[in-house]
Peer 1: 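Mind looking over this structure? Questions follow.
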Amino acid sequence: MDRTLIILLLCIAPLVQSLSPLTKQKYLRGFVPPPKIHPSRLLTLPQPQWFDQKLDHFNNQDTRTWKQRYFVNDTFFDGTGPIFLMIGGEGPADAIWSVEGQWINYGQRLNALCIQLEHRFYGDSHPTSDLSIDNLRYLSSAQALFDLAYFIQSYTDSMKLTGRQWITFGGSYPGSLSAWFRLKYPHMAVAAVSTSAPLLAKVDFQEYLEVVTQSLTTVSSTCIANIADAFDHVLDAVQTPAGQKMMQKTFQLCGPLQSSLDVNTLLSNLAGLFEGIVQYSGDNRGFEGAKDSNVTMDTLCTIMNNDLIGDNMARLAAVNTFLMNVYGQSCQDSSYNDTITELRDTTWGDNAAARAWTYQTCTEFGWYQSSDSQSQPFGNLFPLSYWVNQCADIYGPQFDATFVANAVRSTNDYYGDLSYAADRVIFVNGKVDPWHAMGFYMQSQTPNLVVYIEGGAHCSNMYPDAPNDLPSVRDARMVIFSFLQKVLARG
């Protein structure tokens with residue numbers, strides 16, 4: 001799960017251990033961390049507000065409602081400007097995003113009312129009493145889009161904002177929602193900004209590791225060769241009990257490798273050391289205080305290319321130790337059973353977001369970052385079956401490989417995959433970001449405007465300005481602003 005969600009667990013019996021930071025990155029990989037208010041700036045954060053949202057938009061006989069959290073920044077709004085809606089995703093909505101980030105800069109320049117709406121089943125927006133399978137049936141992107149529509153309609157009416165133009169914003173999964181909202185509800189938003197948004201649902205997202213490899217190669221081809229050699233040695237070692245015991249010591253595992261699934265988990269976790277850093281490399285999360293904000297692809301390749309450390313496996317172990325220290329982690333948890341047990345927890349505890357998002361991958365999107373591609377250096381011990389089987393292990397035998405494949409197919413049928421049909425959308429992707437492979441990154445793919453950021457990481461254009469921002473990131477922000485000016489001028 002995403003290493004940005006580092007949280008302690010206090011839960012009701014039976015005791016469920018919180019997933020470790022390096023495990024979390026696998027399950028919430030696309031989450032966009034909030035920007036941090038710099039200590040030199042004294043800003044007032046908006047207080048949370050609550051909207052009576054419908055539980056099931058597709059059943060008119062179900063009149064149940066729940067409280068959905070949202071934040072409003074009306075500092076720049078003069079009554080005549082547009083309304084910007086930042087869509088929440090697979091994590092809590094943070095009030096900081098209501099005062100910082102590029103969308104706020106755009107709002108200030110365009111006199112916009114800026115609203116951030118939290119996604120159902122994430123953060124403090126709890127539609128149901130728990131995360132049981134019966135309740136998770138109300139968690140879907142289609143329900144989330146209807147939440148947006150019902151909120152816009154109700155807020156427009158209650159605040160007497162008829163005639164104001166709404167524009168949606170989102171990054172990663174919310175970027176998908178932003179584009180899909182324009183597709184499904186074109187009469188409710190005049191335009192959409194869609195950043196780092198996967199539009200093609202795919203069970204086997206083997207392109208993820210391919211892009212990770214391509215991105216690391218831009219730093220050092222020797223680094224890739226050394227990673228491949230290190231993983232080859234790990235693959236050899238885990239074939240014997242003695243080698244597995246050596247791996248436990250080398251990578252500071254929390255316990256022995258007790259099954260082949262534990263071995264799969266170890267290899268997946270070791271690949272994850274590189275995956276998360278590549279995805280967010282140089283994206284200005286230092287502004288929000290992320291523990292790994294200064295860790296980039298160069299940092300990891302410097303370690304992997306350091307002859308003084310020892311052989312390549314020793315260097316891989318050094319990367320592991322380095323990142324464990326960064327995240328304050330005492331050991332590397334490679335127990336498959338522990339992970340499954342934690343994701344079976346149906347309470348609103350620290351693993352709630354991971355359980356909810358994993359459910360969405362099983363029932364809508366796939367996007368499993370398997371080792372099935374031959375064009376990557378991380379071995380082949382976390383294949384697609386390792387990921388898909390987790391759906392049944394967590395949620396029940398009905399969530400098997402056939403179910404997941406059919407669910408992903410239905411999602412593409414519903415939204416049109418890369419045959420996207422709406423207009424007035426700007427698609428922004430970073431070349432370094434592995435998620436660009438599931439979206440639009442070439443202008444030839446769509447009649448909508450596409451911005452492909454050379455050297456850009458996941459959602460890098462969304463963060464506040466920083467002195468070390470790449471020129472390509474700065475240029476992308478200006479293109480987005482120009483797009484907003486043009487669509488608002490057209491009405």
Peer 1: Evaluate the ring planes of Y155 and F151, with Trp represented by its six-membered ring, and classify them as parallel (under 30°), tilted (30 to 60°) or perpendicular (over 60°).
Peer 2: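 If you compare the ring of Y155 with that of F151, the planes turn out parallel.
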Peer 1: Hey, which of T299, L216, V319, I224 is the one that makes side-chain contact (heavy atoms from CB on, under 4.5 Å) with M304?
Peer 2: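 So, applying the side-chain contact (heavy atoms from CB on, under 4.5 Å) to M304 and each of T299, L216, V319, I224, only V319 qualifies.
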Peer 1: Side chain of S281, backbone of M297: donor and acceptor closer than 3.5 Å?
Peer 2: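 Here the side-chain-to-backbone pair exists.
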Peer 1: Which distance, rounded to the nearest 0.5 Å, do you find between the OH of Y280 and the OG1 of T296?
Peer 2: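 With rounding to 0.5 Å, OH (Y280) is 16.0 Å from OG1 (T296).
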Peer 1: Is it true that atom CD of Q398 has more than 12 heavy atoms of other residues, nucleotides or ligands lying nearer than 6.0 Å?
Peer 2: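 Check passes, neighbour count above 12.
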Peer 1: Are R109 and F481 in a cation-pi contact, defined as NZ or CZ under 6.0 Å from the six-membered ring centre and within 45° of the axis?
Peer 2: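 Yes.
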Peer 1: Counting distance only, does the side-chain N/O of S268 pair as donor-acceptor with the main-chain N or O of F382 below 3.5 Å?
Peer 2: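 No, because the side chain of S268 does not come within donor-acceptor range (under 3.5 Å) of the backbone of F382.
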Peer 1: I'd like to know if D52 and K67 make a salt bridge, using a cut-off of under 4.0 Å between side-chain N and carboxylate O.
Peer 2: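 Yes, this pair counts.
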Peer 1: Show the numbers, then the answer: is there a ring-ring contact (aromatic ring centres under 6.0 Å, His included) between H126 and F121?
Peer 2: CA-CA 5 Å; H126 300 171; F121 284 91; 8.5 Å; no
Peer 1: Classify the angle between the aromatic ring planes of F378 and F274 as parallel (below 30°), tilted (30 to 60°) or perpendicular (above 60°).
Peer 2: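 Rings of F378 and F274: tilted, as their planes differ by 30° to 60°.
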Peer 1: Assess the residue pair Y441 and F427 against the criterion (ring-ring contact (aromatic ring centres under 6.0 Å, His included)); give the C-alpha distance rounded to whole Å, side-chain angles, the decisive distance to 0.1 Å, and a yes or no.
Peer 2: CA-CA 8 Å; Y441 58 94; F427 293 100; over 10 Å; no
Peer 1: Identify the two heavy atoms, one from P377 and one from T213, that lie closest to each other, and give their separation to 0.1 Å.
Peer 2: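 Looking at all heavy atoms of both residues, the closest pair is CD-OG1, 3.2 Å.
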Peer 1: When R477 is tested against each of D465, N461, N105 for side-chain hydrogen bond (donor to acceptor under 3.5 Å, both in side chains), which residue passes?
Peer 2: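 Output: one option passes, namely D465.
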Peer 1: If you round to the nearest 0.5 Å, how far is CG of D433 from CD of Q279?
Peer 2: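 Rounded to the nearest 0.5 Å, the CD-CG separation comes to 5.0 Å.
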Peer 1: Can you tell me if S371 and Q376 form a side-chain donor-acceptor pair at under 3.5 Å?
Peer 2: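 Note: S371 and Q376 side chains miss the donor-acceptor criterion.
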Peer 1: Search all heavy atoms of L177 against all heavy atoms of I87 and return the closest pair with its distance.
Peer 2: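 Closest approach of L177 to I87: CD1-CG2, 3.8 Å.
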Peer 1: Any salt bridge between D417 and K202, counting N to O under 4.0 Å?
Peer 2: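 Salt bridge absent between D417 and K202.
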Peer 1: Look at the side chain of Q53 and the backbone N and O of D147, then say whether any donor-acceptor pair between them is shorter than 3.5 Å.
Peer 2: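 Confirmed, Q53 side chain pairs with D147 backbone.
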Peer 1: For the backbone of S154 and the side chain of S158, can you confirm whether one donor and one acceptor N or O come within less than 3.5 Å of each other?
Peer 2: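 Between the backbone of S154 and the side chain of S158 there is a qualifying donor-acceptor contact (under 3.5 Å).
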Peer 1: Does the pair W357 and F365 meet the rule for a ring-ring contact (aromatic ring centres under 6.0 Å, His included), with working shown?
Peer 2: CA-CA 10 Å; W357 179 246; F365 305 125; 5.8 Å; yes
Peer 1: For the side chain of N351 and the backbone of A354, is there at least one donor-acceptor N/O pair under 3.5 Å apart?
Peer 2: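 Side chain of N351 to backbone of A354, a donor-acceptor pair under 3.5 Å: no, none is there.
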Peer 1: Within the side chain of Q68, is there an N or O that forms a donor-acceptor pair under 3.5 Å with the backbone of H119?
Peer 2: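 No, the answer is negative, given that no donor and acceptor are paired below the 3.5 Å cut-off.
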Peer 1: Donor-acceptor pair, N73 side chain versus S98 backbone, under 3.5 Å?
Peer 2: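 Indeed, once roles are kept as given, a pair shorter than 3.5 Å links the two residues.
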Peer 1: Would W435 and W367 count as a ring-ring contact (aromatic ring centres under 6.0 Å, His included) here? Give the steps.
Peer 2: CA-CA 9 Å; W435 287 98; W367 293 329; 5.6 Å; yes
Peer 1: Tell me the closest heavy-atom pair linking S196 and A457, and the distance in Å.
Peer 2: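 Smallest interatomic distance, heavy atoms only, reads OG-O, 4.4 Å.
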Peer 1: Under 6.0 Å from the six-membered ring centre of Y414 and within 45° of its axis: does the NZ or CZ of K184 meet both?
Peer 2: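 Yes, K184 lies over the aromatic ring of Y414.
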Peer 1: Surrounding CG of D78 (heavy atoms of other residues, nucleotides or ligands, distance under 6.0 Å), is the total greater than 12?
Peer 2: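 Yes, CG of D78 has more than 12 neighbouring heavy atoms, counting only those of other groups under 6.0 Å.
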